[in-house]
Every structure is written in C-alpha cells, then in structure tokens.
Amino acid sequence: MVSSSPATEPSDASPLVKIRSLLPGLARAEQRVAKVVLEHPSSVAHRSITEVAEAAGTSETTVTRFCKAIGVGGYPELRIALAAETARSAARTNRDLGGAITPSDELRQVVGKVAFADARAVEETAEQLDVGTLQQVVDAVAAASRVDVYGFGASAFVAFDLQQKLHRIGRTCFAWNDTHIALTSAAVLRANDVAIGISHTGSTAETVEALRVAKEQGAVTVALTNFPRSPIAEVADHVLSTAARETTFRSGAMASRIAQLTVIDCLFIGVAQQHMDTAMTALEATYQAVSGHRLGSRPDGRRRRETGK
C-alpha cells in the first residue's frame with residue numbers, strides 16, 4: 001500500500017495479494033521469482049532459496065532482493081508467510097474455484113468461479129486496505145468544496161456510482177468519463193477540492209493526465225488502483241489499492257469493479273458518518289423524491305392499492 005505518508009501493512013494481508021500488486025514495478029529477474037511464487041506458493045513454502053532461484057533462472061541474491069522489494073525482509077520470512085497463506089486458503093474452500101474459466105466448463109462451474117473470484121476480490125481488498133490512508137481520504141472528501149472523479153472504461157461505472165452516492169448526501173461531486181471534459185474540469189479545481197482517479201491498472205493515460213492537472217491546480221489527489229506502484233501513484237497524494245486477479249475472459253476486470261466498489265462504499269460511509277445529521281436528512285429527501293416512481297407491490301407480487309392520488 002502506498003500513500004503520501006508511511007503506512008503500516010495490515011498483519012493479515014496476503015503475501016500473494018501484495019506480490020500481484022507490486023509485480024509490474026519489479027525488476028525483470030524479480031518478476032521471474034514472483035511468477036514462481038505465485039504459481040506454486042505451497043511448494044515454495046517448503047523449498048530452499050537455491051531451488052527457488054534455479055526455478056526462476058536467477059540467483060539467490062535476486063531472490064533475497066525480491067523478498068525485500070515486497071517487504072517481507074528475507075527468504076525465511078517469505079516461506080513462513082506462504083505457509084500461513086496456504087493454510088488459510090485450504091480452510092476457505094475444498095474446491096478449486098480459483099482456476100481459469102475454460103471453454104469446457106459447465107455453466108454451473110462458471111457461476112462458481114465468477115462468484116469465487118468476486119468474493120475473493122472483496123475479501124483480499126479488505127485485508128490489505130490501509131485504513132489510515134482511507135481515513136485521510138475520508139477527511140479530505142468530507143471537507144472538500146467539490147469532488148471530481150475520473151474513470152474510463154469499466155472504471156467509469158465506479159466513478160458514477162461514487163458521484164451518485166455523494167450527491168445523495170448533499171456533497172458536490174462530478175464524475176467524468178470524457179477526456180476533454182475531465183481535463184477542463186480538473187483545470188479549474190482549487191486547494192480545497194479533491195480529485196479521485198480510478199484505474200485498475202493504474203496506467204490509463206486519460207485518468208493519469210486528469211489527475212496530474214488536478215494536482216497542478218493544488219487539489220488533493222487520490223488514486224484507486226490495483227497496482228500501487230503504477231504511474232497513477234506518481235500524481236496522487238493518497239493511493240487506495242484493491243486486490244483483484246486477472247483470469248480467463250478478463251473476469252479479473254469484472255472482479256476489479258467489485259473490489260473498487262467495496263472501497264468506494266467504505267469511503268462513502270466514512271464521509272456520511274462525518275455529516276450524519278445532514279446525510280440522513282438528504283437520504284430521506286432523495287428517497288421521497290423518487291418514491292412516486294416506484295410501482296407499489298406486496299410481498300406476494302400483487303399491486304398495492306394507491307391512496308391519495
């Protein structure tokens with residue numbers, strides 16, 4: 001997890017989640033070590049550093065550098081962390097639902113694998129989420145005169161979800177998924193505003209550019225990404241990271257949206273807590289505003305009798 005200030009890693013965060021998030025920023029030889037660890041975590045937990053180095057086609061020194069790069073100290077600590085993670089994974093499920101979806105999978109298997117990927121994305125995101133950084137973002141949004149949210153592609157849906165949530169409690173928020181509009185909006189932000197960029201890869205050029213412009217104007221900048229050492233982190237004051245895996249049919253991209261929404265919900269509730277009275281009043285007012293557009297029905301599906309209209 002990366003933020004504008006040092007943060008303590010959650011003790012229960014999965015080492016595999018951290019390795020996946022840091023993978024793009026590792027040196028090429030270290031990436032080969034990471035691949036061996038990610039593909040065979042339970043095996044690595046019982047192998048010597050020499051065996052892992054040979055499997056990765058590199059040196060023991062590189063394995064040690066890899067361990068330090070992911071923050072576990074050394075190879076003995078990595079083995080302990082992997083052994084603990086293997087035990088936790090075995091306790092979660094007795095079925096291999098985490099594998100890639102194949103053309104021969106029955107629809108029931110597809111449902112199971114997608115549900116498993118989504119659930120794990122939420123769980124692993126919560127495990128590694130830096131609550132200290134989240135609190136800083138909550139405080140900034142709660143005090144902001146205006147919030148801009150930039151998201152393109154699948155991330156745009158998440159951006160609009162945050163806009164809708166904050167608007168419902170009376171906070172001024174705009175979500176942009178057009179490059180020109182995002183840039184022109186970012187160009188008029190000020191020091192008491194907040195800009196949030198949402199990008200799973202952290203390398204979406206449009207999102208990074210909009211956040212950079214917002215930062216240049218003095219706004220507080222926040223990145224929500226799966227890879228905290230990606231380009232978007234360079235223009236963010238605070239980085240909130242998710243944990244979603246890429247698998248066949250880009251189901252990782254689907255899981256990433258679920259993971260992003262998890263963080264957005266936590267952010268929204270944190271902001272609402274700081275404005276509880278006005279938030280509850282606004283939520284009730286917005287509910288009443290649209291209540292006339294719902295078809296009344298009873299639990300048995302029969303229409304309720306309309307009264308007063």
Side-chain angles (χ1 to χ4, degrees), residues 1-3 6-102 113 116-117 120-121 123-130 200-203 225-231 233-234 239 241-248 251-252 255-256 259:
M1 189 72 195
V2 178
S3 68
T8 301
E9 289 291 338
S11 60
D12 56 352
S14 164
L16 302 181
V17 170
K18 188 169 185 179
I19 292 170
R20 281 192 293 270
S21 71
L22 299 179
L23 186 60
L26 296 176
R28 186 168 300 179
E30 293 170 356
Q31 288 183 352
R32 295 201 300 271
V33 178
K35 183 177 180 181
V36 172
V37 174
L38 291 173
E39 291 181 351
H40 309 286
S42 60
S43 175
V44 172
H46 298 90
R47 297 167 76 178
S48 69
I49 188 172
T50 302
E51 292 173 319
V52 172
E54 291 176 353
T58 187
S59 66
E60 295 179 16
T61 301
T62 299
V63 176
T64 300
R65 283 202 304 267
F66 162 77
C67 293
K68 292 180 179 179
I70 65 171
V72 298
Y75 187 68
E77 290 82 359
L78 176 63
R79 290 180 61 186
I80 292 172
L82 291 175
E85 174 63 15
T86 300
R88 285 196 297 266
S89 297
R92 289 188 192 110
T93 179
N94 291 322
R95 295 179 296 169
D96 181 18
L97 294 178
I101 296 172
T102 67
K113 289 183 177 181
F116 181 83
R120 289 303 298 136
E123 292 173 1
E124 292 181 343
T125 293
E127 287 172 359
Q128 58 79 61
L129 185 61
D130 189 322
H200 174 71
T201 64
S203 57
T225 179
N226 209 70
F227 302 99
R229 292 184 182 175
S230 55
E234 299 175 5
V239 177
S241 61
T242 56
R245 314 182 191 191
E246 291 275 355
T247 55
T248 315
S251 57
S256 71

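For the residue pair S256 and H200, the shortest heavy atom distance occurs at CB-ND1, 3.1 Å. Of all the heavy atoms in T125 and A243, the pair that sits closest is OG1-N, 2.9 Å. Nearest approach of A259 to A244, heavy atoms of both residues: CB-CB, 4.5 Å.
Every residue meeting the side-chain hydrogen bond (donor to acceptor under 3.5 Å, both in side chains) condition with R20, not counting sequence neighbours, appears here in chain and number order: E124. For R32, the salt bridge (charged side-chain N to carboxylate O under 4.0 Å, His left out) test picks out no residue, with sequence neighbours left out. In this structure, T225 has no side-chain hydrogen bond (donor to acceptor under 3.5 Å, both in side chains) partners at least two apart in sequence or on a different chain.
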Task: side-chain contact (heavy atoms from CB on, under 4.5 Å) evaluation trace for I70 with L78 - done: CA-CA 9 Å; I70 65 171; L78 176 63; 4.1 Å; yes
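With values rounded to the nearest 0.5 angstrom, T242 atom OG1 is found 8.0 Å from F227 atom CZ. The structure places CD of E30 at 11.0 Å from NZ of K68, a figure rounded to the nearest 0.5 Å. Of the inter-residue distances, the one linking R229 atom CZ with L26 atom CG reads 7.0 Å to the nearest 0.5 angstrom.
Here the side chain of E77 pairs a donor or acceptor atom with the backbone of G74 at under 3.5 angstrom.
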Taking only distance into account, with no hydrogens and no angle test, what donor-acceptor pairs under 3.5 Å do side-chain atoms of residues 56-67 form with protein atoms, sequence neighbours excluded?
from: T58; atom 1: OG1; to: T62; atom 2: OG1; distance (Å): 3.1
from: S59; atom 1: OG; to: T62; atom 2: N; distance (Å): 3.2
from: S59; atom 1: OG; to: T62; atom 2: OG1; distance (Å): 3.1
from: E60; atom 1: OE2; to: T50; atom 2: OG1; distance (Å): 2.5
from: T62; atom 1: OG1; to: R65; atom 2: NH2; distance (Å): 3.1
from: T64; atom 1: OG1; to: E60; atom 2: O; distance (Å): 3.1

Which donor-acceptor pairs under 3.5 Å do the side chains of residues 39-46 make with protein atoms, sequence neighbours left out?
from: H46; atom 1: ND1; to: S42; atom 2: O; distance (Å): 2.9

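For the residue pair Q128/S241, the side-chain donor-acceptor check at 3.5 Å is satisfied.
Contact annotation: the side chain of V37 approaches that of L16 to within less than 4.5 Å [non-hydrogen atoms, C-beta and beyond].
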